[in-house]
Amino acid sequence: VVIALLWLWILNPQYGIFNFFLSGLGLIHKPVSWLTGPSTAMPMLILATVWKSLPYNTLMLLAGLQVVDPEQHEAAMVDGATAAQRFWHVTVPAMRNVIMVVTLMGTIWGFQQFTLIWTTTKGGPMRVTETLPIFIYRDAFQGYDMGYASAAGLLGLIFLTLFALIYIRLLRRS
């Protein structure tokens with residue numbers, strides 16, 4: 001909720017800092033209402049979600065970098081590998097499991113976004129920011145259709161489970 005309120009302030013059309021910087025750079029000439037425009041609401045929520053998850057993902061990837069053996073980098077340098085080749089052929093394979101966990105967790109958490117969206121847009125404008133959790137909430141607690149909301153939640157669970165299984169199987173194979 002705190003992050004949602006922070007982004008409400010940042011994206012406020014009258015006094016938000018986002019409009020202030022963009023107008024200072026000359027990119028916009030009048031204030032833009034970022035969260036009420038159908039074409040701008042979802043990109044701004046994606047930006048806020050990425051901003052919220054960036055510290056966790058960075059920390060996880062940094063921890064994964066600690067696993068990479070420096071001797072493998074030295075051997076690759078001796079063999080004449082460039083920095084890009086060392087990154088793609090030494091660092092990324094050594095961090096594959098960490099990258100897999102970070103990507104899978106990010107996908108699951110992104111799929112379950114509720115608080116940020118509900119606090120900022122409530123699924124609007126014109127339902128363009130309505131995700132499955134918002135849809136389930138509306139059906140269950142505003143439409144009083146608990147059965148339909150439960151079925152939608154179960155389908156979401158099945159979809160995420162299948163996605164996770166397929167994703168893990170594909171990465172284990174490669």
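It should be emphasised that the depicted structure is a prediction, and the values quoted were computed from it without experimental measurement.
In this structure, Y137 and F141 have tilted ring planes: the angle between them lies in the 30° to 60° band.
Other residues, nucleotides and ligands place more than 12 heavy atoms under 6.0 Å from the CH2 atom of W109. Within a 6.0 Å sphere centred on CD of Q142, heavy atoms belonging to other residues, nucleotides or ligands number more than 12.
Atom CE in M100 sits 5.5 Å away from atom CD1 in I168 (nearest 0.5 Å). With rounding to the nearest 0.5 angstrom, the CD1 atom of I136 is 4.0 Å from the CG atom of L132. Rounding to the nearest 0.5 Å gives a distance of 8.0 Å between CG of L116 and OG1 of T121. We find the OG1-CG distance between T119 and L5 to be 6.5 Å, quoted to the nearest 0.5 Å. The CG atom of L171 lies 12.5 Å from the CZ atom of R169; values are rounded to the nearest 0.5 Å. We find the OG1-CG distance between T120 and L11 to be 8.5 Å, quoted to the nearest 0.5 Å.
Between Q113 and K52, some side-chain heavy-atom pair lies under the 4.5 Å cut-off. At a threshold of 4.5 Å between non-hydrogen side-chain atoms, the residues M95 and L65 count as touching. By the 4.5 Å heavy-atom criterion applied to side chains, F21 and I10 are not counted as neighbours. With a 4.5 Å cut-off on side-chain heavy atoms, Q72 and V90 count as touching. Within the 4.5 Å cutoff, no side-chain heavy atoms of F18 are placed close to those of W9.
Closest non-hydrogen pair, A41 versus L35, comes out as CB-O, 3.8 Å. The two atoms that bring A149 and A140 nearest to each other are CB-CB, 3.6 Å, heavy atoms only. Considering every non-hydrogen atom in both R86 and A81, the closest pair reads NH1-O, 3.1 Å.
Remark: side-chain polar atoms of Q85 are paired, donor with acceptor, to backbone N or O of T82 under 3.5 angstrom. Side chain of T129 to backbone of G124: a donor-acceptor contact under 3.5 angstrom is found. Counting only distance, with no hydrogens or angles, the side chain of N19 and the backbone of V32 share a donor-acceptor pair below 3.5 Å.
Between the side chains of W34 and N12, no donor N or O sits under 3.5 Å from an acceptor N or O.
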Exercise for the section: Would you check, one step at a time, whether the test ring-ring contact (aromatic ring centres under 6.0 Å, His included) holds for F159 with F111? Expected result: CA-CA 10 Å; F159 172 77; F111 198 82; 5.5 Å; yes
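For E130 and R138, the salt-bridge test passes: some basic side-chain N is under 4.0 Å from an acidic carboxylate O.
In this structure, F20 has its ring center no closer than 6.0 Å to that of Y15.
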